[in-house]
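Computed from a predicted structure; not experimentally measured.
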Amino acid sequence: MKKLVIASNNEHKLQEINSILGGKIELLSLKDINCFADIPEDADTLEGNASIKSHYVYDNFHLDCFADDTGLEVEALNGAPGVHTARYATEGHDTDANVRKLLSELDGVENRRARFRTIISLIENGVEHQFEGIVNGTITTCKKGDKGFGYDPIFIPEGYNETCAELGVEVKNKVSHRSRAVAKLCEYLLNK
């Protein structure tokens, strides 16, 4: 069975991708390969950050792997927070501060269109392939819902009337940017 490293230790992410792959590929986490480095994410783009992480694992451990990076891109803010989504308000991952800053910057702004975008960088035998998942939507004027995390309470995906935090994890995972990128990755891996 083919082995593939995911440049993450996020158990939820591992389970989600494993269920899509249906046990046809063995996924390994960073912990499984004894990688405990704090891999930098200092590129100017999501594509660059995903690529940095996947190359780090491939170059240092010589294993096929993939990594992802995700950003929220708000039209009225010229694509911000984008690559800085997780550290929008502070250098730490302060979700509440990020949400407050975004809502403050959009206060009184009519155009609230936004999109979540995930880029996956797969390196297989030294060759990189990238896959993109996008979900379009709008930013609310206040937080709604208590399911989910991050920007979920203020993001309404296109085709829905509720935020991701109101829709719940099961629905969100079916329509999310990450699930769309993962589906493309899995289709590629399973149909080679």
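Ion pairing of Arg115 with Glu73 is present here, as a side-chain N (NZ or NE/NH1/NH2) and a carboxylate O approach within less than 4.0 Å. Ion pairing between Glu26 and Lys2 fails under the 4.0 Å rule for side-chain N and carboxylate O. Salt bridge status for Asp68 with Arg178: present, with a side-chain N to carboxylate O gap under 4.0 Å. Ion pair Asp96/Lys101 not flagged as a salt bridge, since none of the NZ, NE, NH1 or NH2 atoms sits closer than 4.0 Å to an Asp/Glu carboxylate oxygen.
Within a 6.0 Å radius of CG in Asp38, other residues, nucleotides and ligands contribute 12 heavy atoms or fewer.
The hydrophobic cluster containing Ile119 also includes Leu46, Val83, under a criterion of side-chain heavy atoms closer than 4.5 Å among ILVMFWY residues, counted directly or through chains of members.
A search for side-chain contact (heavy atoms from CB on, under 4.5 Å) contacts involving Asp42 returns Pro40, Ile52, not counting sequence neighbours. By the side-chain contact (heavy atoms from CB on, under 4.5 Å) test, Lys24 pairs with Leu190, sequence neighbours left out. Residues satisfying the salt bridge (charged side-chain N to carboxylate O under 4.0 Å, His left out) test with Glu47, not counting sequence neighbours, are Arg117. When the side-chain contact (heavy atoms from CB on, under 4.5 Å) test is applied to Tyr58, the partners found at least two apart in sequence or on another chain are Asp64, Cys65, Ile123.
Taking the six-membered ring for Trp and thresholds of 30 and 60 degrees, Phe61 and Tyr56 have ring planes inclined between 30 and 60 degrees apart.
Considering every non-hydrogen atom in both Gly48 and Ala43, the closest pair reads C-CB, 3.5 Å.
Thr95 and Asn98 form no side-chain donor-acceptor contact under 3.5 Å, judged by distance and modelled atom types alone.
Using a 4.5 Å cut-off between side-chain heavy atoms of Ile, Leu, Val, Met, Phe, Trp and Tyr, with links allowed through other members, Leu14 and Leu189 fall into the same hydrophobic cluster.
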Show every donor-acceptor pair shorter than 3.5 Å between a side-chain atom in residues 181-188 and any protein atom, with sequence neighbours excluded, or say none if there are none.
unit_1, atom_1, unit_2, atom_2, d
Lys184, NZ, Glu132, O, 2.7
Tyr188, OH, Glu124, OE1, 3.3
Tyr188, OH, His129, NE2, 3.1

List the steps and the verdict of side-chain contact (heavy atoms from CB on, under 4.5 Å) for Ile39 and Val57. CA-CA 9 Å; Ile39 303 170; Val57 172; 4.3 Å; yes
